Amino acid sequence: VFLDIGAHVGQYTLIASRIVGESGQVHSFEPDPDTFRCLTENIQANRIKNVRACPIALYREDGERLLYRALAQNIGGNSLSRPYEADSGQVCKVRCFQLDHYLEECGLSRVDAIKMDVEGAEIDVLKGAEKLLSADDKPVMLLEFHERALQSFGGSCTRLAEFLRKRGYSLFRATTPLEEYMPEAGELLVNVLALPANRRQF
């Protein structure tokens, strides 16, 4: 089971679909209506059957929130907080769910891997997944650590790293070879691989 949180138009979704195969599942979350339309078109064009596309945002609590839409040339910048750049001034209401609640509704007791790029809301999404993160077989995660985006939610790369380490994760820069990740002053953006203790052979 692979979760693509902040799926955008589906780049990771399409790759994950091939990796998990016919017996696996991909759950892709993209709340922006226009981007979600592109996501579903890409899924259909590739004749994929093992993906469930969800037009919702994952967050620390269920309910509705405003999605701030970035300019068309930067639709990946859509966010539940006002974008720090390329703000179009447009908003739309989106449904939000806690990840733990979503997994319960789907009857999923295990998630193998997660990719998350939610423009700074990473800590808020993870706060809605405490049950998942406390499990013995918690997932491997690939996350975007974006200092300015995290700051728009009152967070930082340091706070996100501390949140994950307190829940049993070791953090590595997503490079070859892997290098241990520690937030550095002045570093604005880095992709981080978060490995739980029992999955470090990943």
Side-chain angles (χ1 to χ4, degrees), residues 1-22 24-60 62 64-81 83 86 88 90-103 105-106 108 110-129 132-133 139-146 149-150 152-153 160 174 189-194:
V1 176
F2 179 89
L3 307 184
D4 189 356
I5 303 176
H8 199 233
V9 299
Q11 178 183 2
Y12 281 86
T13 290
L14 299 184
I15 294 171
S17 172
R18 292 194 296 270
I19 292 173
V20 304
E22 293 182 2
Q25 301 177 43
V26 177
H27 296 253
S28 301
F29 304 89
E30 176 51 57
D32 178 70
D34 293 338
T35 311
F36 182 78
R37 192 175 305 114
C38 294
L39 171 65
T40 55
E41 288 173 355
N42 283 333
I43 292 169
Q44 293 166 3
N46 286 273
R47 300 179 180 178
I48 292 173
K49 305 297 183 183
N50 60 354
V51 172
R52 178 177 179 178
C54 308
I56 62 175
L58 296 178
Y59 200 60
R60 64 174 182 259
D62 298 344
E64 283 191 340
R65 288 185 64 88
L66 290 178
L67 180 72
Y68 295 86
R69 306 180 77 179
L71 294 172
Q73 62 266 32
N74 185 34
I75 57 173
N78 297 333
S79 176
L80 293 176
S81 179
S88 71
Q90 299 178 353
V91 297
C92 64
K93 284 187 178 180
V94 297
R95 293 183 300 153
C96 298
F97 289 89
Q98 290 186 355
L99 178 54
D100 282 339
H101 292 169
Y102 176 85
L103 296 176
E105 288 186 4
C106 293
L108 293 172
R110 174 187 169 94
V111 173
D112 296 287
I114 293 174
K115 165 257 166 180
M116 189 186 310
D117 180 358
V118 289
E119 295 302 304
E122 282 77 8
I123 295 174
D124 291 285
V125 173
L126 294 171
K127 284 181 177 179
L132 176 66
L133 298 183
V140 170
M141 292 191 282
L142 178 65
L143 308 99
E144 182 180 81
F145 277 54
H146 194 311
L150 286 162
S152 69
F153 284 86
L160 178 54
L189 175 63
V190 61
N191 289 318
V192 172
L193 185 65

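Nothing here was measured: the structure is a model prediction, and the numbers come from that model.
Under the 4.5 Å side-chain criterion, counting only non-hydrogen atoms from C-beta, His27 is in contact with Val1. Contact of the Pro55 side chain with the Glu30 side chain is not registered, since no non-hydrogen atoms from C-beta on lie closer than 4.5 Å. Under the 4.5 Å side-chain criterion, counting only non-hydrogen atoms from C-beta, Leu142 is not in contact with Val192. A heavy-atom distance below 4.5 Å is not found between the side chains of Leu143 and Asn191. Looking only at side-chain heavy atoms (C-beta outward), Phe29 and Phe97 stay at 4.5 Å or farther from each other. Residues Gln25 and Leu108 meet the side-chain proximity criterion, which asks for heavy atoms closer than 4.5 Å. By the 4.5 Å heavy-atom criterion applied to side chains, Met116 and Val125 are counted as neighbours. In this structure the side chain of Val94 reaches within 4.5 angstrom of the side chain of Cys92, judged on heavy atoms.
Under a 3.5 Å cut-off, the side chain of Asp112 and the backbone N or O of Pro139 do not form any donor-acceptor pair. In terms of modelled atom types and a separation under 3.5 Å, the side chain of Thr40 and the main chain of Phe36 share a donor-acceptor contact. Judged purely by atom type and a 3.5 angstrom limit, Glu105 has no side-chain atom pairing as donor or acceptor with the backbone of Leu103.
With sequence neighbours left out, the salt bridge (Lys or Arg N to Asp or Glu O under 4.0 Å) criterion links Arg52 to no other residue. Listed by chain and number, the residues in a side-chain hydrogen bond (donor to acceptor under 3.5 Å, both in side chains) with Arg60 are Asp124 (sequence neighbours excluded). Qualifying side-chain contact (heavy atoms from CB on, under 4.5 Å) partners for Leu66, counting only residues two or more places apart in sequence or in other chains: Tyr68, Val91, Lys93. Residues passing the side-chain hydrogen bond (donor to acceptor under 3.5 Å, both in side chains) test with Glu144, sequence neighbours excluded: none. Looking at residues two or more places apart in sequence or on another chain, you find no side-chain hydrogen bond (donor to acceptor under 3.5 Å, both in side chains) involving Asn42. Taking Arg37 as the reference, Asp34 meet the side-chain hydrogen bond (donor to acceptor under 3.5 Å, both in side chains) condition, with sequence neighbours excluded. Judged as a ring pair (Phe, Tyr, Trp, His ring centres under 6.0 Å), and not counting sequence neighbours, Phe153 has no contacts. Not a single ring pair (Phe, Tyr, Trp, His ring centres under 6.0 Å) links Phe2 to another residue, sequence neighbours left out. Among residues two or more places apart in sequence or in another chain, the salt bridge (Lys or Arg N to Asp or Glu O under 4.0 Å) test is passed with Asp117 by none. Legend: residues meeting salt bridge (Lys or Arg N to Asp or Glu O under 4.0 Å) with Lys127, ordered by chain and number and at least two apart, are absent. Here Ile48 pairs with Leu14, Ser17, Ile43, Asn46, Asn50, Val51 under the side-chain contact (heavy atoms from CB on, under 4.5 Å) rule; sequence neighbours left out.
The structure places CG of Leu58 at 5.5 Å from CG of Leu99, a figure rounded to the nearest 0.5 Å. The NZ atom of Lys115 lies 14.0 Å from the CE atom of Met141; values are rounded to the nearest 0.5 Å. Here the straight-line distance linking atom CZ of Arg65 with atom OH of Tyr59 works out to 3.5 Å at 0.5 Å rounding. One finds the OG atom of Ser28 at 8.5 Å from the CG atom of Leu3 (value rounded to the nearest 0.5 Å).
For Asn78 against Arg69, the heavy-atom pair with the smallest separation is OD1-CA, 3.2 Å. Of all heavy-atom pairs between Leu39 and Ala7, the closest is CD2-CB, 4.1 Å. Ala57 and Leu80 make their closest contact through CB-CD1, 4.3 Å (heavy atoms, listed as atom of the first residue, atom of the second, distance).
Enclosure of atom CD in Glu64 by more than 12 non-hydrogen atoms of other residues, nucleotides or ligands within 6.0 angstrom is indicated.
For residues 10-19, the set of pairs meeting the salt bridge (charged side-chain N to carboxylate O under 4.0 Å, His left out) definition, not counting sequence neighbours, is empty.
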Checklist entry - Yes or no on side chain to side chain contact (heavy atoms under 4.5 Å, CB included) for Ile5 and Ile114, after CA distance, side-chain angles and deciding distance? => result CA-CA 7 Å; Ile5 303 176; Ile114 293 174; 3.7 Å; yes

